[in-house]
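Structure first, commentary second.
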Amino acid sequence: SSSSSSGAMGALAATTIIPAGARGEVTLIWAWFFPHRDYLGVNLGNNYALRFADSKAVAQHMALQLSATVASAGQLHTPFFQSSLPTWLQDSLVNSLSHIRSAMWFRDGRWRQWEAYDCVNVDSVHNDGERHIPYISFFPNATRNKVQAWGKYQLPNGMIQEQLGSGCEAAVPQLDDASGRVMSDVSSMFVTYVLELFRWANDTTTLQQQYEVAKRAALWQLQASEKYGLPTGLQTTYDILGLNKYDFSTYSSVFTLLALRAAEQLADAMHDTQFAAQCRTAADRAVQAMDLYLWNSTTSYYNAYANVGGSQPGAVMADSLYAQVLAYSVGLGSLLDENKMRAHLRAEQTHNDSPYGLLVMTGRYQQKPGPWQDNSVWMGASPNWGSLNLWLGMDAATALAQPYKALNHWREGLADQWCTSGIVGGMGLPQEGLPYITSHYGFHMVEWHLVFALSGQTANLPNGTLAFHPRLTAPYALPLLLPGALGLVSSPAEDSYVVKLQLGELSVSHLSVAGAAYPGAVHLTAGQEVAWKA
């Protein structure tokens with residue numbers, strides 16, 4: 001290295017001789033060490049500085065672990081690139097992990113992340129929920145760390161605050177200065193996180209630490225729904241649509257259902273039978289209230305919004321049933337009547353379809369298409385449409401056509417999977433089909449639920465059960481995805497099944513694929529597999 005008036009510079013070079021017709025290999029390791037991390041004038045440090053003394057130590061560690069590191073990266077890719085997932089979905093899933101570049105892992109162990117580079121809120125619960133499946137799978141302690149922080153700043157009335165710092169379109173916020181709006185998909189998402197960690201990782205520690213917090217959050221949802229059985233006037237992650245202007249919205253109502261059903265399961269696990277019954281009664285009432293206030297029997301779909309005593313307006317909102325995707329993935333089953341959900345999803349496809357995915361809302365205004373707020377594609381709607389239809393029995397090819405339209409537009413049309421925006425311009429706009437709002441966003445990462453929907457994975461590790469109900473016919477191979485465990489579940493031929501673990505450990509008493517149970521308990525470590533026939 002050398003120094004000059006322009007600053008420090010350096011170079012690496014290696015020499016080798018490769019005979020004609022032969023192959024050679026040269027290894028160059030470029031390491032760095034930046035122990036300091038400034039946040040608003042405070043040196044919070046980088047966590048990896050606790051693991052290494054300097055960049056030389058980093059390089060030496062990499063040199064010793066190079067083969068193992070390359071192999072581990074390959075093991076991470078195998079469940080996707082050697083699966084039956086379509087190529088476009090494999091590519092989109094793996095490239096979505098570029099989202100991690102906005103993460104901050106501080107010296108004291110806190111893991112924090114921006115909502116987006118153009119919206120510097122810190123860990124908004126609802127936005128985190130959209131992108132959280134790869135994080136809870138590959139970095140489960142990062143999720144636990146944020147759950148603890150969200151629970152710590154719960155308001156006295158039980159509401160979980162929207163985020164750990166509010167800075168969107170304003171100054172960068174102080175860290176862990178919780179604040180935000182009154183929303184339908186925040187306290188409910190917190191309750192869901194606790195259930196996911198419990199069911200998917202047998203995390204009884206988080207359950208015991210956070211149960212009372214989750215219970216108060218669910219009680220807040222109950223109080224918000226006390227008058228009509230549904231919450232009224234709450235904001236949502238779809239804030240630009242202004243759903244909080246109306247008494248009810250389908251989106252908010254289904255999130256309330258999710259919170260109540262998830263809290264019921266947590267209460268059962270904690271032997272809190274009285275609260276479990278309270279949640280069950282309130283959830284049943286919410287279903288009836290949705291039929292009364294939001295189900296449009298004339299057009300056979302759930303209205304996007306409604307007011308008490310008002311006529312049925314008939315607007316269709318894509319992704320109204322997003323909370324049902326979360327419910328299916330965590331094993332809660334159907335929150336609403338399945339035939340009504342199928343009819344609603346058909347209406348989304350009929351009224352909201354576009355070459356770039358589902359337009360977020362139609363029918364609110366007489367003009368077609370509507371103003372840009374409604375005439376835009378939010379990147380979560382099309383993947384969630386596919387996941388719901390898979391769980392509801394649609395064949396895979398038909399269900400995946402809508403997610404393909406939205407995700408492959410970024411993959412091949414825009415060729416920019418590392419800068420996926422949250423919103424794409426709608427029909428007839430100057431920005432039609434182009435990135436519109438929020439760069440480097442995570443909304444499209446709800447696509448990870450497609451993995452669960454295709455494999456039919458249902459995990460309840462506290463009960464020792466892991467079941468798959470694949471939506472494909474043999475032969476197939478699909479990812480197995482749990483916090484700290486990654487593998488493949490496959491059927492090389494009809495009535496023949498293999499489960500192989502690539503990373504982590506898996507222990508269950510009951511393992512089944514397509515209804516065929518493995519004859520015995522299973523304990524697998526990386527590289528091990530079990531095989532059986534029906």
Side-chain angles (χ1 to χ4, degrees), residues 79-81 83-99 129-134 137 237-238 251 316-329 341-342 344-360 376-426 433 435 441-457 470-472 476 478-479 481:
F80 303 98
F81 292 145
S83 75
S84 303
L85 298 176
T87 301
W88 61 267
L89 184 54
Q90 297 175 10
D91 196 22
S92 185
L93 289 169
V94 170
N95 277 284
S96 74
L97 293 173
S98 64
H99 185 272
E130 297 148 13
R131 66 201 188 197
H132 81 285
I133 294 299
S137 301
T237 200
Y238 283 93
Y251 179 94
V316 182
M317 178 184 163
D319 214 21
S320 288
L321 306 182
Y322 165 41
Q324 177 64 77
V325 176
L326 295 160
Y328 279 138
S329 291
M341 288 195 288
R342 291 188 187 98
H344 177 86
L345 293 168
R346 286 194 297 270
E348 287 188 6
Q349 176 91 337
T350 299
H351 297 284
N352 296 39
D353 198 20
S354 85
Y356 318 105
L358 293 169
L359 299 175
V360 67
S376 55
V377 175
W378 292 54
M379 284 302 298
S382 291
N384 283 337
W385 187 94
S387 290
L388 288 171
N389 276 298
L390 284 165
W391 283 109
L392 289 168
M394 182 179 285
D395 69 276
T398 305
L400 291 176
Q402 185 60 245
Y404 169 82
K405 189 181 299 185
L407 297 171
N408 202 59
H409 177 58
W410 281 92
R411 178 175 176 260
E412 291 189 319
L414 300 173
D416 197 4
Q417 293 185 104
W418 282 32
C419 188
T420 306
S421 69
I423 303 176
V424 172
Y441 216 68
F443 215 154
H444 68 295
M445 292 170 70
V446 295
E447 66 182 317
W448 284 80
H449 290 281
L450 287 166
V451 175
F452 298 139
L454 282 164
S455 70
Q457 177 180 305
R471 269 57 180 179
L472 304 179
Y476 61 78
L478 293 166
L481 197 60

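- Here CZ of Arg342 is found 9.0 Å from CE of Met394. Values are rounded to the nearest 0.5 Å.
- Annotation for Tyr476 and Ser84: closest pair CA-OG, 3.2 Å, computed over non-hydrogen atoms.
- Judged purely by distance below 3.5 Å, without hydrogens or angles, the side chains of Trp448 and Ser137 never pair a donor atom with an acceptor atom.
- For the pair Ser382 (side chain) and Leu358 (backbone), a donor-acceptor distance under 3.5 Å is present.
- Going from atom CD of Glu130 over to atom CG of Asn384 covers 9.0 Å, rounded to the nearest 0.5 Å.
- Expressed to the nearest 0.5 Å, how far CH2 of Trp378 lies from OH of Tyr322 amounts to 13.0 Å.
- Atom NE2 in His444 sits 7.5 Å away from atom CG in Leu407 (nearest 0.5 Å).
- Side chains of His344 and Ser320 form a contact here, defined as non-hydrogen atoms less than 4.5 Å apart.
- Here the closest non-hydrogen pair linking Trp410 and Val424 is NE1-CG2, 3.7 Å.
- Residues Asn95 and Trp418 have side chains that bring a donor and an acceptor to within less than 3.5 angstrom of each other.
- Taking 4.5 Å as the limit, every side-chain heavy atom of Phe452 sits out of range of all side-chain heavy atoms of Tyr328.
- Looking only at side-chain heavy atoms (C-beta outward), Asp395 and Arg471 stay at 4.5 Å or farther from each other.
- For Gln324 (side chain) and Leu388 (main-chain N/O), no donor-acceptor pair under 3.5 Å exists by modelled atom type.
- Val316 and His351 make their closest contact through CG2-CD2, 4.1 Å (heavy atoms, listed as atom of the first residue, atom of the second, distance).
- Residue Val446 comes nearest to Pro383 through the heavy atom pair CG2-CB, 3.9 Å, listed as atom of the first residue, atom of the second, then distance.
- The nearest pair of heavy atoms linking Leu414 to Pro435 is CD1-CD, 4.1 Å.
- Expressed to the nearest 0.5 Å, how far CE of Met445 lies from NE2 of His99 amounts to 5.5 Å.
- Using a 4.5 Å heavy-atom cutoff, the side chains of Leu93 and Val451 are in contact.
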Report task. Check the pair Leu359 / Val377 against side chain to side chain contact (heavy atoms under 4.5 Å, CB included), numbers first and verdict last. Result -> CA-CA 5 Å; Leu359 299 175; Val377 175; 3.9 Å; yes
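- Taking the six-membered ring where tryptophan is involved, the planes of Tyr404 and Trp88 are perpendicular, since the angle between them exceeds 60° and thus also 30°.
- With values rounded to the nearest 0.5 angstrom, Leu85 atom CG is found 9.0 Å from Leu450 atom CG.
- For the pair Glu412 and Asp91, the minimum side-chain heavy-atom distance is 4.5 Å or more.
- The shortest side-chain heavy-atom distance between Arg411 and Thr87 falls under the 4.5 Å cut-off.
- Between Trp385 and Leu345 the shortest heavy-atom distance is NE1-O, 2.9 Å.
- Phe443 has its side chain within reach of Thr237: a pair of non-hydrogen atoms, C-beta onward, lies under 4.5 Å apart.
- Using modelled atom types, one finds no donor on one side chain facing an acceptor on the other under 3.5 Å when comparing Glu348 with Asn352.
- A donor atom on one side chain and an acceptor atom on the other are found under 3.5 Å apart for Gln402 and Asp353.
- Within the 4.5 Å cutoff, the side chain of Ser92 has heavy atoms near those of the Gln417 side chain.
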